[in-house]
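Here is the structure we will look at, set down as structure tokens.
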Amino acid sequence: MKGILRIALFFLFVIVSVACEESTENPNLDFQLDFQPLELGNFWVYRVEETLYFGENDSESSTYFIRDRVRSSFVNEANELVYIVERQKSPNQNSWITLKDYTMFLRNNTLIRSIDNQALVALVFPPSLGKTWNGKIYQAGEKDDFEIEVFENNRLKVKQEDLDDKVTVRDKRYEFFERGVGLIEKYDEVVTYCSRTDCLGNQLIDGGYKVSLTLVNHGKR
């Protein structure tokens with residue numbers, strides 16, 4: 001009887017040990033990847049307000065819509081699942097013209113968005129307030145630190161740049177993401193100021209652009 005009991009306890013010990021080992025190797029971690037859902041058919045429609053600056057007192061503003069839709073996917077040489085996103089443009093959301101394709105994929109718990117062959121690390125997972133990373137690590141040039149500046153109510157803000165020396169340049173860029181939705185707002189303002197002696201310090205814009213995207217619709221089809 002004691003021998004049977006010892007055998008039973010031994011097998012119980014083995015079962016518990018295996019269960020603990022599996023739990024350690026496969027922890028139930030929530031990386032919050034749904035801050036940018038990537039599935040075939042997902043789409044996002046944005047209202048765009050754009051201003052292009054060509055010189056002093058010379059600019060052109062326009063308002064239109066763009067629609068991004070995940071149309072297909074493939075596995076690249078690094079065995080990463082890459083999603084192809086089709087970007088279309090419309091003046092009124094009735095007729096659409098295809099502008100380009102770009103890609104998004106996950107690598108080492110980061111979201112990489114590549115538009116016009118410029119790869120940007122848009123977000124890291126799991127996100128947390130104050131987390132920083134080099135957003136342009138896959139681009140040639142200087143390091144560009146991104147930071148999660150706001151994180152509340154299932155929304156977060158990624159500050160990409162916040163520079164304004166009020167003399168030569170203003171560079172303000174950020175993106176907002178919402179859990180379960182994805183990118184909901186994007187703002188880029190990159191301009192140079194007139195640097196001649198007669199206008200230095202007057203913040204007179206002589207070139208650059210300002211583009212604001214605001215989500216107006218999203219879903220899957």
Side-chain angles (χ1 to χ4, degrees), residues 27-51 63 65-71 73 80-87 100-116 118-139 141-164 170-191 209-221:
N28 184 23
L29 295 179
D30 180 9
F31 286 94
Q32 303 179 49
L33 301 178
D34 53 348
F35 268 101
Q36 182 55 74
L38 292 176
E39 294 182 4
L40 296 182
N42 283 0
F43 72 88
W44 303 266
V45 179
Y46 302 93
R47 175 185 171 87
V48 182
E49 296 181 0
E50 178 181 66
T51 301
T63 300
F65 298 88
I66 61 171
R67 179 172 65 194
D68 289 349
R69 182 178 66 89
V70 182
R71 68 171 180 83
S73 63
E80 298 163 330
L81 183 59
V82 179
Y83 293 89
I84 299 176
V85 182
E86 178 185 53
R87 171 161 288 183
K100 66 181 71 176
D101 285 342
Y102 68 90
T103 61
M104 288 195 289
F105 61 97
L106 301 176
R107 172 182 293 166
N108 299 325
N109 296 325
T110 66
L111 171 68
I112 299 177
R113 183 197 304 136
S114 183
I115 302 179
D116 298 330
Q118 295 293 312
L120 191 77
V121 181
L123 194 56
V124 295
F125 303 103
S128 61
L129 184 63
K131 182 174 285 188
T132 61
W133 65 94
N134 182 5
K136 295 184 178 179
I137 192 172
Y138 298 110
Q139 298 183 28
E142 296 182 2
K143 181 181 179 182
D144 195 353
D145 285 335
F146 289 5
E147 178 185 359
I148 297 180
E149 189 177 51
V150 177
F151 193 174
E152 57 186 8
N153 299 324
N154 287 322
R155 291 190 177 191
L156 62 84
K157 175 185 178 183
V158 176
K159 181 182 71 176
Q160 298 178 340
E161 188 60 73
D162 187 11
L163 169 66
D164 189 351
R170 178 163 74 236
D171 185 353
K172 292 180 177 291
R173 290 173 280 121
Y174 63 81
E175 295 184 343
F176 273 94
F177 294 83
E178 181 174 332
R179 192 167 191 183
V181 178
L183 180 68
I184 61 172
E185 183 181 346
K186 178 177 176 63
Y187 183 82
D188 289 354
E189 184 178 9
V190 182
V191 299
Y209 61 90
K210 178 170 64 175
V211 182
S212 174
L213 280 70
T214 304
L215 185 73
V216 296
N217 191 18
H218 74 282
K220 187 172 185 177
R221 65 179 180 86

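What you see is a predicted model; the values in this text were computed from it and never measured. The figures that follow rest on heavy atoms only: side chains count, while hydrogens, waters and symmetry mates do not.
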Would you mind checking if [Y] and [X] are paired as a salt bridge, meaning a charged N to carboxylate O distance below 4.0 Å?
| X | Y | value |
| --- | --- | --- |
| Glu86 | Arg69 | yes |
| Glu161 | Lys159 | no |
| Arg173 | Asp188 | no |
| Arg155 | Glu185 | no |
| Arg87 | Asp101 | no |
| Lys131 | Glu147 | no |

Side chains of [X] and [Y]: closer than 4.5 Å at any heavy-atom pair?
| X | Y | result |
| --- | --- | --- |
| Asp144 | Asn134 | yes |
| Phe146 | Leu123 | no |
| Phe105 | Arg113 | no |
| Arg170 | Leu163 | no |
| Val158 | Leu156 | yes |
| Arg47 | Thr63 | yes |

For residues Leu183 and Gln36, report the shortest heavy-atom separation together with the two atoms involved.
-> N-OE1, 3.3 Å
At their closest point, which heavy atom of Ala119 faces which heavy atom of Ile112, and how far apart are they?
->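 Smallest heavy-atom distance, with atoms named: CB-CG2, 4.1 Å.
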Scan Glu178, Glu175, Glu149 and name whichever one has a salt bridge (charged side-chain N to carboxylate O under 4.0 Å, His left out) with Lys157.
-> Glu149
Would Lys220 and Glu39 count as a salt bridge (Lys or Arg N to Asp or Glu O under 4.0 Å) if you check the C-alpha gap in whole Å, the side-chain angles of each, and the deciding distance to 0.1 Å?
-> CA-CA 9 Å; Lys220 187 172 185 177; Glu39 294 182 4; 2.8 Å; yes
Pair Asp68-Tyr102, side-chain donor/acceptor within less than 3.5 Å | yes
Indicate the ring-plane relationship of Phe35 and Phe151, choosing parallel, tilted or perpendicular according to the 30° and 60° boundaries.
-> perpendicular
For [Y], does its backbone N or O pair with a side-chain atom of [X] as donor and acceptor, under 3.5 Å?
| X | Y | result |
| --- | --- | --- |
| Trp44 | Ile66 | no |
| Glu49 | Val211 | no |
| Trp133 | Val124 | no |

Might you work through the salt bridge (Lys or Arg N to Asp or Glu O under 4.0 Å) test for Arg107 and Glu80, ending with a clear yes or no?
-> CA-CA 7 Å; Arg107 172 182 293 166; Glu80 298 163 330; 2.7 Å; yes
CZ-CG distance between Phe31 and Leu106, expressed to the nearest 0.5 angstrom | 11.0 Å
From Gln160 atom CD to Asp162 atom CG, the distance as rounded to the nearest 0.5 Å |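 Going from the CD atom of Gln160 to the CG atom of Asp162 covers 11.5 Å.
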